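Structure record follows, encoded as structure tokens.
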Amino acid sequence: MIMDAVRTEALPRAFYDRPVLDVARDLLGRVVVHTTDDGDVAARVTEVEAYAGPDDPGSHAARGRTPRTAVMFGPPGHAYVYFSYGMHWCANLVCGPEGTASAVLLRAGEVVSGLDLARSRRPAARRDVDLARGPARLAAALGLDGAQDGADLCAPTSALRVLDDATASSSRGPGAVVTGPRVGVSGPGGDGELFPWRSWLAGEPTVSAYRVAAPRRRRAGSGASTTTDEESTQ
DNA sequence: GTTCCGATTCCCT
DNA sequence: GGGAATCGGAACC
């Protein structure tokens with residue numbers, strides 16, 4: 001993809017100030033850019049996941065507002081970057097009206113600019129399609145960490161922003177967007193309800209393979225290990 | 001103060 | 001396909 005300097009304007013806040021599922025869908029195919037002293041890395045978003053506020057049991061906001069989740073409860077158009085598993089950063093984009101506490105997790109992308117820098121940040125990636133295949137990988141490739149938590153995506157000088165690229169939506173035809181449920185979390189309307197939490201671009205090699213979060217082994221001692229084995233692949 | 005567990009990834013089999 | 005690595009937030013006592 002050619003990065004046209006004329007089109008590097010960031011999406012306006014109004015883009016994020018909409019229902020979370022609309023924002024999630026419209027983010028697909030768009031390019032997120034992070035500028036650092038080392039340079040720019042840009043990635044085309046290929047997979048996202050929606051988190052629909054405090055009523056969403058799978059959301060960090062479900063337990064109410066805490067110092068950690070404060071950004072989610074704030075105004076739209078800001079980044080919510082959190083640390084997970086003691087080693088990974090994951091990036092969300094806050095959306096909906098202030099107080100909604102909904103956000104879109106960037107699950108996967110295709111690095112389209114700054115490939116060398118992205119490779120240096122992701123030495124474990126064997127192929128370029130693996131550079132940003134997965135939420136923590138995407139954050140790593142972009143060079144995102146806690147320093148970007150709360151960052152304003154819409155400020156004129158913001159280092160982190162999503163480009164307002166008119167070709168983004170045209171690069172995906174009708175039906176190119178696929179949606180699927182999260183596993184382990186029932187929909188707001190009750191068990192079994194299919195809610196399009198996750199959406200991705202069909203046929204993209206950078207879409208992360210879906211895996212059910214495997215219950216990790218308890219700390220030594222707990223003999224009764226009821227392993228709930230469930231497998232699911234897309 | 002202490003314990004539990006996670007919106008994951010990597011490496012080995 | 002399975003297990004280990006690793007640390008901070010939030011719940012619990």
Side-chain angles (χ1 to χ4, degrees), chain A residues 20-21 23-24 27 32 43 45-73 79-95 101-109 111 118-119 121-150 179-188 195-200 206-234:
Chain A
V20 61
L21 290 179
V23 178
L27 275 171
V32 54
V45 178
T46 57
E47 183 184 1
V48 296
E49 186 159 324
Y51 289 88
D55 293 333
D56 178 353
S59 171
H60 287 177
R63 292 192 179 94
R65 181 177 185 143
T66 66
R68 179 208 200 185
T69 61
V71 173
M72 285 184 89
F73 287 82
Y80 167 52
V81 185
Y82 70 93
F83 194 57
S84 183
Y85 287 92
M87 59 193 97
H88 302 303
W89 293 97
C90 296
N92 302 251
L93 309 185
V94 178
C95 58
S102 33
V104 176
L105 171 70
L106 304 178
R107 284 200 61 89
V111 176
R119 289 178 188 129
R121 287 168 174 163
R122 295 265 304 114
R126 298 197 163 203
R127 306 169 302 164
D128 283 349
V129 291
D130 291 327
L131 285 173
R133 195 170 85 137
R137 293 168 170 183
L138 175 61
L142 287 171
L144 298 176
D145 57 28
Q148 283 74 48
D149 187 34
T179 61
R182 282 195 312 241
V183 171
V185 179
S186 53
F195 195 68
W197 306 103
R198 291 195 312 133
S199 31
W200 62 93
T206 53
V207 171
S208 56
Y210 184 72
R211 256 198 285 171
V212 176
R216 292 187 323 298
R217 193 167 59 91
R218 291 263 182 148
R219 290 175 60 193
S222 64
S225 60
T226 50
T227 48
T228 54
D229 288 351
E230 290 185 23
E231 287 302 323
S232 172
T233 11
Q234 62 179 28

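In the text below, chain A, chain B and the rest are named by the order of the sequence lines, each starting its count at 1. No experiment lies behind these values; they were computed from the predicted model shown.
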Subject >> Contacts of type side-chain contact (heavy atoms from CB on, under 4.5 Å), residue A/H60, not counting sequence neighbours >> reply: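 In terms of side-chain contact (heavy atoms from CB on, under 4.5 Å), with neighbours along the sequence ignored, A/H60 is linked to A/R68, A/T69, A/M72, A/Y80, A/Y82.
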
**OP:** Would you indicate whether the side-chain heavy atoms of A/L27 and A/V104 approach each other to under 4.5 Å?
**Re:**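 Yes; the side chains approach each other to less than 4.5 Å.
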
**OP:** Kindly indicate whether the side chain of A/C90, heavy atoms from C-beta on, has any atom under 4.5 Å from the side chain of A/F83.
**Re:**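 When only atoms from C-beta onward are counted, A/F83 and A/C90 do not touch, as no gap falls below 4.5 Å.
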
Original post:
Just how far is it from atom CG of A/D149 to atom CH2 of A/W89, taken to the nearest 0.5 Å?
Top reply: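 A/D149 CG to A/W89 CH2: 7.5 Å, rounded to 0.5 Å.
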
**OP:** Rounded to the nearest 0.5 Å, what's the gap from CD on A/E49 to CZ on A/R107? Could you check?
**Re:**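 One gets 5.0 Å once the value is rounded to the nearest 0.5 Å.
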
Output one line per pair: protein atom, nucleotide atom from nucleotides 9-13 of chain C, and distance, for all N/O pairs under 3.5 Å.
residue: C/dA10; atom: OP1; partner: A/T66; partner atom: OG1; Å: 2.1

Locate the shortest heavy-atom distance separating [X] from [Y]; write the atom from each residue and the value.
X: A/D130; Y: A/R126; result: OD2-N, 4.4 Å
X: A/G58; Y: A/Y51; result: O-CE2, 3.4 Å
X: A/A132; Y: A/L138; result: CB-CD1, 3.5 Å
X: A/A62; Y: A/D56; result: CB-O, 3.4 Å
X: A/T179; Y: A/S199; result: CG2-CB, 3.7 Å
X: A/V23; Y: A/C95; result: CG2-CB, 3.9 Å

**OP:** Give DNA chain B the dot-bracket treatment, 5' to 3': Watson-Crick (N1-N3 with N6-O4 or O6-N4) or G-U (N1-O2, O6-N3) under 3.5 Å, [ ] crossing, | other strand.
**Re:** ||||||.|||||.

Original post:
What parts of residues 122-130 of chain A reach DNA chain B, counting only heavy atoms under 4.0 Å away?
Top reply: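 The answer is A/R122, A/A124.
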
Original post:
Looking at DNA chain B, which of residues 86-95 of chain A put a heavy atom within less than 4.0 Å of it?
Top reply: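 Here the set is A/H88, A/N92.
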
Original post:
In whole Å, what is the span from the CZ atom of A/R137 to the P atom of B/dC11?
Top reply: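 After rounding, the gap between these two atoms is 10 Å.
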
Original post:
Would one find a side-chain N or O of A/R198 under 4.0 angstrom from OP1 or OP2 of B/dA7?
Top reply: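 Result: no.
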
Original post:
Is the base of B/dA7 touched by the side chain of A/Y82 through a donor-acceptor pair closer than 3.5 angstrom?
Top reply: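 Answer is yes: a donor-acceptor pair is held.
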
Original post:
According to the 5.5 Å centroid and 30° plane-angle thresholds, does A/Y85 stack upon the nucleobase of B/dG6?
Top reply: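 Yes; by the centre-distance and plane-angle rule, A/Y85 counts as stacking on B/dG6.
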
Subject >> Pi stacking test for A/F83 and C/dG8: under 5.5 Å apart, planes under 30° >> reply: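 Answer is no, no stack.
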
**OP:** Mind checking salt bridge (Lys or Arg N to Asp or Glu O under 4.0 Å) for A/R119 and listing every partner two or more places apart, or none if nothing turns up?
**Re:**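 In terms of salt bridge (Lys or Arg N to Asp or Glu O under 4.0 Å), with neighbours along the sequence ignored, A/R119 is linked to A/D116, A/D128.
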
**OP:** Go through the steps to decide whether A/L131 and A/R122 satisfy the test side-chain contact (heavy atoms from CB on, under 4.5 Å), and finish with yes or no.
**Re:** CA-CA 6 Å; A/L131 285 173; A/R122 295 265 304 114; 3.8 Å; yes

